[in-house]
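Read the structure below first, then the notes.
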Amino acid sequence: MTDEAQQSGTPGPGDLVRRHRLSTRLWHWVNAGVMVILLGSGLTIFNAHPRLYWGQYGADPDPAWLQIGATETDGVLILGERQFVTTGVLGKSTRADGKEANLAFPSWATIPTNYNLGLARRWHLTFAWAFAGITVLYGLWSLVNRHFWHDLVPERGELAPGHILRDIADHARLRFPRGLAALRYNILQKGAYLSVLVILIPGMILTGMTMSPGFDAMFPWLLDLFGGRQTARSLHFLFAFGLVLFFLIHMAMVLLAGPFNEVRSMITGKFRLPRERS
Amino acid sequence: MSSLLTRRRLLTLAAPAVLLGCDTLGRAPRFHDMVLKTGEWLSYRSQRLLGSESLAREFDPSQMSPEFRTNGSVSGGSPAYKALLQNGFADWSLPVTGLVNRPLTLTLADLRARPARTQITRHDCVEGWSAIGKWTGAPLGAILKDAGVMPAARYVVFQCYDTLGFSPYYESIDLVDAFHPQTLLAYDMNDAPLTEGHGAPVRLRVERQLGYKQAKFIKAIDVVDNLAGIGMGKGGYWEDQGDYDWYAGI
């Protein structure tokens, strides 16, 4: 049976059914590419000054809550009072040309791979505009086509503690929804996708703008919203790693839920309904 | 299982491929100029369109950095500069030339005699750090008005005493920033004359742009209609040497 089944009535297990809209699929892949570029170039920019602060100002004489640096022999990550040796990855690592370099993030993770702040800023700020553009377009379109309300906002019963706990327990035992339930996002998915769409992505854009002296003059409320340029810079970094964490969980879930079916549904839009457990 | 392995292998190959692809594209002049310069263009156009008059945040004295670090050149360098420094800049004077009806030469005493503005603002380095300091100086716009800027003028160029690498420092801004009320030729910092490390006797404050635009050790001001003849043509030392944005409002 194929998607004709959908037209003839309720689709059953094993049927190929429509799952993701074209707008979602398009945004998903463009966004994935843009985010890789933003992360890589963002790490190069961080390498220019690998210290993070809270407040309106923050520079070398001021206390940093996070610092990546190097001693003679080791790369170190300093978090407040605690120091971790991170040689090989953070602080001190081997470049593509085989030489050892004191870089906060290693050259194999950065765009461009040889440290170049000016070029990294061109990559980052050009693709930041693209990122902001597709976020606004996709956000508005998701309101218009009701994707946001229909698929993402939790229904009343889904927020009951019992329901959320059961969903967590199901995920922990890797018991993913089967049959028709697999077509709808479960409450943990809704929570994850909403926190990316409503908190992390707008947060990345707004904290990014708060680091711009020009946008601060145009929108001074940005400085009040985040409590200063250096706080915004710290949050920009934390939100970015929130997105990296989301990406890792997202990859794990796709692999566990059946990568072929999941990736196909994000490319062609068609999803084969998993059979019910017998 | 086999498909999983190939996919994983694909991922381990894909990540370096993306980075190497970006390296190659970044080196391609056409991609660099047609794609990677779009961000600067959009930032410049949007900030000029929607906020050319907006003021940078001014802070309370209690919000100032306890220590304002120096950066870039911390010395004016040349023997000629050292002689000026030793004499308390009594012999320093600033020519304002180019596309102006009345070229000026201003001494430090002339600058200090002009109406002054004091502002506590945030200095943002391109590297990511910020420091808040108090600046006093003569608004550049009023000086340019006195000199009478010609209609063909587009940019104001600052030539500096300090040398980075083998070239003297230079910077340029457009007329919107040049006439912005917070744009100063600053001679005092934190209630004291500018130190050598911060660009004595006079540095530029252009508060809605990054630190490398705030030219130190200013030697001469030139009003021009294009940037082609300045340095290597991109309007500033770092713009020429390090591919930095000419418009550094972001």
Side-chain angles (χ1 to χ4, degrees), chain A residues 33 36-37 40-41 45-53 55-62 96 107-114 116-130 133 208-209 211-220 223-224 228-230 233 251 255 259-260 263, chain B residues 3-4 7 11 15-16 18-20 22-23 25-27 32 35-44 46-47 50-51 54-57 59 63-69 71 121-132 182 207-210 238-239 241-245 247-250:
Chain A
V36 167
I37 290 172
S41 54
I45 298 172
F46 178 88
N47 279 359
H49 187 73
R51 295 164 59 86
L52 293 174
Y53 315 89
Q56 302 283 354
Y57 63 80
D60 301 70
D62 307 307
S107 71
W108 54 258
T110 63
I111 295 174
T113 53
N114 57 333
N116 181 331
L117 178 59
L119 188 55
R121 276 173 48 83
R122 291 203 183 278
W123 277 105
H124 198 74
L125 297 170
T126 294
F127 282 84
W129 273 99
M209 287 172 69
M211 284 187 271
S212 149
F215 282 124
D216 280 348
M218 284 165 70
F219 312 118
L223 288 170
D224 303 318
R229 180 184 195 245
Q230 290 302 322
R233 184 167 174 263
M251 285 299 103
L255 288 175
F260 180 76
V263 173
Chain B
S3 81
L4 193 82
R7 205 163 285 123
L11 267 176
V18 168
L19 295 178
L20 290 177
C22 287
D23 278 359
L25 283 172
R27 275 194 299 265
H32 179 274
V35 178
L36 293 182
K37 281 189 166 182
T38 335
E40 179 187 2
W41 186 84
L42 283 167
S43 303
Y44 185 39
S46 63
Q47 294 188 359
L50 301 171
S54 60
L55 294 176
R57 163 81 42 108
F59 294 89
Q63 294 172 294
M64 285 166 58
S65 295
E67 186 186 337
F68 197 122
R69 62 165 282 188
N71 196 38
T121 52
R122 197 189 64 218
H123 176 96
D124 297 330
C125 180
V126 64
E127 295 169 353
W129 53 267
S130 309
I132 297 179
Q182 289 172 319
E207 301 292 358
R208 300 179 302 173
Q209 295 206 49
L210 298 176
W238 283 112
E239 290 87 329
Q241 301 293 332
D243 196 19
Y244 282 17
D245 301 329
Y247 182 69
I250 189 163

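Quick note on labels: first sequence line is chain A, next is B, and so on, each numbered from 1. Treat the numbers as computed from the prediction; the structure is a model and nothing was measured.
Residue B/S43 touches chain A through both its backbone and its side chain, counting heavy-atom pairs closer than 4.5 Å. Proximity to chain B (any heavy atom under 4.5 Å) is shown, for A/D60, by both the backbone and the side chain. At a 4.5 Å heavy-atom cutoff, A/A128 makes no contact with chain B through either its backbone or its side chain. Neither the backbone nor the side chain of B/H123 comes within less than 4.5 Å of any heavy atom of chain A. At a 4.5 Å heavy-atom cutoff, A/L52 makes no contact with chain B through either its backbone or its side chain. Both the backbone and the side chain of B/E67 come within contact range of chain A, judged by heavy atoms closer than 4.5 Å. For B/L55, the part lying under 4.5 angstrom from a heavy atom of chain A is the backbone only. There is no contact between A/N47 and chain B, counting heavy-atom distances below 4.5 Å. Looking at B/E239, neither its backbone nor its side chain comes within 4.5 Å of chain A, counting heavy atoms on both sides. A/Q56 touches chain B through backbone and side chain together, each having a heavy atom under 4.5 Å away. For a residue to count as touching a neighbouring chain, one of its non-hydrogen atoms must lie under 4.5 Å from one of that chain's; by this rule A/F46 does not touch chain B. If you measure heavy-atom distances from B/F68 to chain A, you find no contacts under 4.5 Å at all. Contacts of A/T110 with chain B are made by backbone atoms alone, with heavy-atom separations under 4.5 Å and no side-chain atom involved.
Taking a cutoff of 4.0 Å between a charged side-chain nitrogen and a carboxylate oxygen, A/R229 and B/D124 qualify as a salt bridge.
Contact annotation: the side chain of A/S41 never approaches that of A/F127 to less than 4.5 Å [non-hydrogen atoms, C-beta and beyond]. Inter-residue side-chain proximity for A/R51 and B/W129 is flagged as unmet; no heavy-atom pair is nearer than 4.5 Å. Two residues are said to be in side-chain contact when any heavy atoms from C-beta on lie closer than 4.5 Å; A/W123 and B/L36 meet this criterion. A/R121 is listed as a side-chain neighbour of B/L210, based on a closest heavy-atom distance under 4.5 Å.
Each of A/I37, A/L223, A/I45 has some count of heavy-atom pairs under 4.5 Å with chain B, and the biggest count is that of A/L223. Of the listed residues B/A131, B/G242, B/G51, B/S65, the one with more heavy-atom pairs under 4.5 angstrom with chain A than any other is B/S65. For the set B/D245, B/I132, B/D243, the entry with the most heavy-atom pairs within less than 4.5 Å of chain A is B/D243. When A/P61, A/G40, A/P112, A/G228 are compared by the number of non-hydrogen pairs under 4.5 Å with chain B, A/P61 comes out ahead. Counting heavy-atom pairs under 4.5 Å between each of B/G26, B/S130, B/G39 and chain A puts B/S130 at the top. In terms of non-hydrogen atom pairs under 4.5 Å with chain A, the most contact-rich of B/R27, B/E40, B/K37 is B/K37. Between chain A and the options B/L25, B/T38, B/L42, heavy-atom pairs under 4.5 Å are most frequent for B/L42.
Checked by atom type and distance alone, the side chain of B/Q182 pairs as donor or acceptor with a backbone atom of B/A56 at under 3.5 Å. Of the possible polar contacts, one joining the B/Q209 side chain to the B/A248 backbone as a donor-acceptor pair under 3.5 Å is found.
Relative ring orientation between B/Y244 and B/W238 is described as parallel, the plane-to-plane angle staying below 30° on a 0-90° scale split at 30° and 60°.
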Report the C-alpha distance between B/S54 and B/R208 in whole Å, list the side-chain angles of each, state the deciding distance to 0.1 Å, and finish with yes or no for side-chain contact (heavy atoms from CB on, under 4.5 Å). CA-CA 9 Å; B/S54 60; B/R208 300 179 302 173; 3.4 Å; yes
Working note: B/W41 + A/T126, criterion side chain to side chain donor-acceptor pair (under 3.5 Å); need CA distance, chi angles, decisive distance, verdict. CA-CA 9 Å; B/W41 186 84; A/T126 294; over 6 Å; no
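More than 12 heavy-atom neighbours from other residues, nucleotides or ligands sit within 6.0 angstrom of CH2 on A/W129.
Across all non-hydrogen atoms, the minimal contact from B/S46 to A/F215 is OG-CZ, 3.9 Å.
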